[in-house]
Amino acid sequence: MLVDRANVAPKLLHWYDRHHRTLPWRAAPGEAAPDPYRVWLSEVMLQQTTVAAVKSYFAAFTTRWPTVEALAAAPDAEVMSAWAGLGYYARARNLIACARAVVDEHGGRFPSEEAELRALPGLGAYTAAAIAAIAFGQRAVVVDANVERIVERLFAIAEPLPKGRTAIYAATASITPDDHAGDFAQAMMDLGSSLCAPRKPACALCPLSEECAAFRAGEPERYPVKAAKTAKPVRRGSIFWLEAADRVLLCRRPPKGMLGGMRALPTGPWGTEDPGLTDAPIAADWRFVGAGRHVFTHFALDHKVYAARMESQDIDGEWWPIAAIEQAGLPSLFARAAAIGLAARETA
DNA sequence: CACCCGTGGAC
DNA sequence: TGTCCAAGGGT
């Protein structure tokens, strides 16, 4: 027996009326659509990032830059610093570019058509569809990891990703309603984050269990089917805490690549061997003050932190007041290294 | 298509 | 402690 496609959206939307999450960027079901700027900002922040992590950043950004015009007018460095700690920093670079494109090319208003949204920096297939549906009430097929998992279970699609995406998109399209596509998409997210979770789905409470092929087959946890992961290599590097007159030397990372565009502590390239003091910014009386491991998406970095003082500030870089190091906008790796340098300073 | 790109919480 | 993974996009 096939899934009764016509039943899915009504059942899901009814469940959403009762069980929807209340979130700062979201309208309650049936309410007027929220400000497209806020929808866009939240969707970009939520890319591969948890709701819990996003909340404080969303509040800070919308307080400081309430409109897309305000954000477009902000200096790059301020936006990058405000994003520090949230990760995937290409999103922040694209956020700036997108805000300026909306102001310069669209008169400060986000386009309402999915295809036009898709052409903006940082907006891929998912985000463009989500904004079109949530902010503009368009019928758009919104497919993220939650939707993929739910749809694979509903239709028992066992073909591994990414090859299975074609079938998943078609199946999602077949259950997406003409009206309330925004609520439908958000309902799928809420269902995926609660009942239809990756592990131990709560099928007994699920409004779609009667329609679900995986549930009827007794194997909901079979999905999603994923390829095996490869082990993360370990790289090694040194990070340098160089201070002079109550300031510490910071630099800015190259615009692309790891932590691109972010303020940072000096560090050489990261490789398989411990570089020691090879890439130190200056010859000095360096002392080892601590070590750590930071795990990135596709490698881990074992790093050592070295500290030194010098008399002059005669070296290229940005001499940042140590007392304000928390405001430097350092990504987590360097924020932790700075904490090590700071602690060593107090015991020196 | 395969690979690159962060982070912190849950288990 | 290790593993998985969260509202993906760019190249």
Taking [atom1] from [X] and [atom2] from [N], how many angstroms apart are they, rounded to a whole number?
| X | N | atom1 | atom2 | value |
| --- | --- | --- | --- | --- |
| A:Glu148 | C:dG8 | CD | C1' | 10 Å |
| A:Lys229 | C:dG2 | NZ | C1' | 12 Å |
| A:Phe184 | C:dA7 | CZ | P | 15 Å |
| A:Met45 | C:dA7 | CE | P | 17 Å |
| A:Arg149 | C:dA7 | CZ | C1' | 11 Å |
| A:Arg165 | B:dA2 | CZ | C1' | 12 Å |
| A:Lys55 | C:dA7 | NZ | C1' | 14 Å |
| A:Leu46 | C:dA6 | CG | C1' | 9 Å |

Provide the distance between the two [atom1] atoms, one in [N] and one in [M], to the nearest whole Å.
| N | M | atom1 | answer |
| --- | --- | --- | --- |
| B:dC1 | C:dT11 | C1' | 11 Å |
| C:dA7 | B:dC4 | P | 24 Å |
| B:dG8 | C:dG9 | P | 22 Å |

Output field: ring centroids A:Phe296/A:His298 closer than 6.0 Å: no
Would a distance-only check, ignoring hydrogens and angles, find a side-chain to backbone donor-acceptor pair under 3.5 Å from A:Arg153 to A:Phe215? no
With distance as the sole test, does A:Arg236 use its side chain to make a donor-acceptor pair with the main-chain N or O of A:Thr272 at under 3.5 Å? yes
Sub-4.0 Å heavy-atom contacts from residues 109-136 of chain A onto DNA chain B, ordered by number: none
Within the structure shown, what part of the strands sits under 4.0 Å from A:Trp83 by heavy-atom distance: base, sugar-phosphate, or nothing? nothing
Under 4.0 Å, heavy atoms only, any strand: does A:Arg293 hit a base, just the sugar-phosphate, or nothing? nothing
Which pairs, protein N/O on one side and nucleotides 5-8 of chain B N/O on the other, fall under 3.5 Å?
residue	atom	partner	partner atom	Å
B:dC5	OP2	A:His298	NE2	2.4
B:dG6	OP1	A:Tyr89	N	2.9
B:dG6	OP2	A:Leu259	N	2.5
B:dG6	O4'	A:Tyr88	N	3.1
B:dG6	N7	A:Tyr88	OH	3.3
B:dG6	N7	A:Thr297	OG1	2.4
B:dG6	O6	A:Tyr88	OH	3.0
B:dG6	N1	A:Gln48	O	2.9
B:dG6	N2	A:Gln48	O	3.2
B:dG6	N2	A:Thr49	OG1	3.0
B:dT7	OP1	A:Tyr89	OH	2.9
B:dT7	OP1	A:Ser332	N	2.7
B:dT7	OP2	A:His294	NE2	2.6
B:dT7	O3'	A:Ser332	OG	3.3
B:dG8	OP1	A:Ser332	OG	3.3
B:dG8	OP2	A:Arg336	NH2	2.8

Between A:Lys226 and A:Lys256, just flag the one whose closest nucleotide in DNA chain C comes earlier from the 5' side. A:Lys226
Sequence-distant partners of A:Lys11, salt bridge (charged side-chain N to carboxylate O under 4.0 Å, His left out), two or more places apart: A:Glu210, A:Glu211
Could you tell me which residues satisfy side-chain hydrogen bond (donor to acceptor under 3.5 Å, both in side chains) with A:Thr267, sequence neighbours excluded, listed by chain and number? A:Trp270
For A:Gln47, which residues count as a side-chain hydrogen bond (donor to acceptor under 3.5 Å, both in side chains) partner, sequence neighbours excluded? A:Thr127
A:Met45 and side chain to side chain contact (heavy atoms under 4.5 Å, CB included): which single residue from A:Tyr57, A:Trp40, A:Trp25 fits? A:Tyr57
Would you please say whether a donor-acceptor pair under 3.5 Å links the side chains of A:Arg91 and A:Thr49? yes
Applying ring-ring contact (aromatic ring centres under 6.0 Å, His included), can you list everything that pairs with A:His180, at least two apart in sequence or on another chain? none
